[in-house]
Protein chains: 2
Amino acid sequence: MGNKGEALKQRIVTAADNLFYLHGYDNTSFSDIADAVGISRGNFYYHFKCKDEILNAVIDTRVASYRAMLRDWDKSITDPRLRLYFYIDMQLRNQDNILSHGCPIGSLCTELAKVSDSSLHDANKMLAVFRDWLITQLKLLGVKKNAKQISMHLLARGQGIATVTNAFADKKFLQLEVKGLKQWLDDEILKSIH
Amino acid sequence: MGNKGEALKQRIVTAADNLFYLHGYDNTSFSDIADAVGISRGNFYYHFKCKDEILNAVIDTRVASYRAMLRDWDKSITDPRLRLYFYIDMQLRNQDNILSHGCPIGSLCTELAKVSDSSLHDANKMLAVFRDWLITQLKLLGVKKNAKQISMHLLARGQGIATVTNAFADKKFLQLEVKGLKQWLDDEILKSIH
DNA sequence: GTCTATATCGAGATAGAC
DNA sequence: GTCTATCTCGATATAGAC
């Protein structure tokens with residue numbers, strides 16, 4: 001419960017978060033995390049009782065951090081439509097990372113779906129944060145019936161862009177698709193609010 | 001070079017292919033493959049000198065098998081437009097597997113992008129097979145300028161659908177998106193051939 | 001709380017009998 | 001060609017000193 005211990009725990013989670021993104025969950029060892037943080041391997045087990053617990057901490061931390069980010073957007077951007085653009089442009093801002101490592105959320109979901117008990121974690125919580133926020137923004141714009149469907153579609157488009165951009169290492173493709181996605185959204189909003 | 005040896009080699013690759021899809025490359029051990037085939041672990045090294053070589057064999061086998069499948073489609077379906085529908089509907093036909101394990105191509109690309117040297121393999125060869133075939137079909141329909149762009153878009157849409165369907169275990173979403181994708185394709189072809 | 005040392009396990013890979 | 005036995009390594013996890 002001491003301050004120093006809590007701070008270290010957070011540093012472990014932050015380092016694990018980053019390494020899980022760069023190399024995947026399974027390919028990240030305690031040694032890797034320990035080296036990144038600058039502590040010894042044995043120290044982990046004071047803060048976490050197994051590797052799965054670090055995974056869950058990473059997921060929870062990400063969920064909290066995404067929520068905080070979206071709250072910031074809500075504060076700094078008043079027009080919901082501009083918020084949606086800003087969401088879509090996130091891939092443009094992160095294009096270099098996506099090119100090399102894909103989407104941090106999607107790639108983790110994809111990996112964890114293959115491993116062990118899916119009951120021990122729920123990586124899709126991270127996607128759900130964005131889905132729910134998107135629904136809210138669309139409803140603010142007057143979209144009533146299709147808000148959820150459009151939101152899911154936006155998630156999927158983002159995932160597809162990330163996967164293909166990463167697989168082909170094609171940054172131009174990402175840029176083109178992001179542009180097209182914003183146009184699609186405009187059309188869709190127009191149609192949905194008649 | 002004997003017939004029996006070659007047959008076994010192919011059986012190893014087939015079993016590895018399936019297990020890589022179900023559990024991922026890294027999470028599949030030689031023991032897993034050996035058990036599935038019904039041979040001993042040591043026997044692998046007569047046919048492959050390391051695990052990476054099995055991976056490459058799996059990728060090459062898939063590329064060949066996808067090419068053969070598309071040749072069959074070309075034979076049995078004469079209208080390129082119907083071929084494209086049949087391509088998109090592939091996700092519908094495979095929806096149960098996608099729900100549980102994602103796209104066999106996309107999930108492998110995503111995993112391998114995180115691991116080791118990307119120079120040792122090129123998983124995107126599998127995607128390229130479909131991309132090139134899609135381009136051909138579109139050109140047959142009279143699409144000149146945007147054939148590659150539309151093809152890449154179709155790949156990405158498919159990847160996005162698979163990732164999100166898998167993450168949320170939402171089969172209805174897949175069905176809805178497949179339907180929407182066919183409609184999008186119709187519009188796009190109309191626009192591209194004016 | 002953080003460390004060092006160690007236990008245990010399963011992985012990829014090798015040697016050599018048959 | 002296929003097997004059994006074994007090597008080596010690195011992983012998660014534990015015990016106990018400080």
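These numbers come from the heavy atoms of this one structure, side chains and all, not from hydrogens, waters or symmetry mates. All chains are named by letter (A, B, ...) in the order of the sequence lines, taking the proteins before the strands, and each is independently numbered beginning at 1. Values in this document were obtained by computation on a predicted structure and should not be read as measured data.
- One can place CZ of B/Arg11 at 13 Å from C1' of D/dG1, the figure rounded to the nearest angstrom.
- Distance CG (B/Leu8) to C1' (D/dC3): 12 Å, rounded to an integer number of Å.
- Among residues two or more places apart in sequence or in another chain, the salt bridge (charged side-chain N to carboxylate O under 4.0 Å, His left out) test is passed with A/Asp74 by A/Arg83.
- Residue A/Tyr46 contributes atom OH, which lies 15 Å from atom C1' of D/dC18 at whole-angstrom precision.
- Rounded to an integer number of Å, the gap from B/Asp26 CG to D/dG10 P is 15 Å.
- Between the P atom of D/dG1 and the CZ atom of B/Phe48 lies a distance of 14 Å, rounded to the nearest Å.
- Residues forming a side chain to side chain donor-acceptor pair (under 3.5 Å) with A/Lys49 (at least two apart in sequence, or on another chain): A/Glu53.
- Judged by distance alone, the side chains of B/Gln175 and B/Gln95 do bring a donor and an acceptor atom under 3.5 Å apart.
- Taking only side-chain atoms of A/Phe30, from C-beta outward, the nucleotide of D/dT2, D/dT12, C/dA13 with the closest atom is D/dT12.
- Counting non-hydrogen atoms of neighbouring residues, nucleotides and ligands closer than 6.0 angstrom, the CZ atom of A/Arg131 exceeds 12 such neighbours.
- For B/His47 and D/dG1, the NE2 to P distance is 8 Å, given to the nearest whole Å.
- Comparing D/dA11, D/dT2, C/dA13 by their nearest atom to the side chain of B/Cys50 picks out C/dA13.
- Within residues 32-45 of chain A, the residues that place at least one heavy atom under 4.0 Å from DNA chain D are, in residue-number order, A/Gly42, A/Tyr45.
- At least one side-chain nitrogen or oxygen of B/Ser29 sits closer than 4.0 Å to the OP1 or OP2 atom of C/dA11.
- Residues satisfying the salt bridge (charged side-chain N to carboxylate O under 4.0 Å, His left out) test with B/Lys182, not counting sequence neighbours, are B/Asp89.
- For B/Lys49 and C/dA15, the NZ to P distance is 15 Å, given to the nearest whole Å.
- Regarding B/Ile12, its CD1 atom lies at a distance of 11 Å from the C1' atom of D/dG1, rounded to whole Å.
- Applying the salt bridge (charged side-chain N to carboxylate O under 4.0 Å, His left out) rule to A/Asp32 yields no partners; only residues at least two apart in sequence or on another chain are considered.
- With sequence neighbours excluded, the residues that form a ring pair (Phe, Tyr, Trp, His ring centres under 6.0 Å) with B/Tyr25 are B/Phe20.
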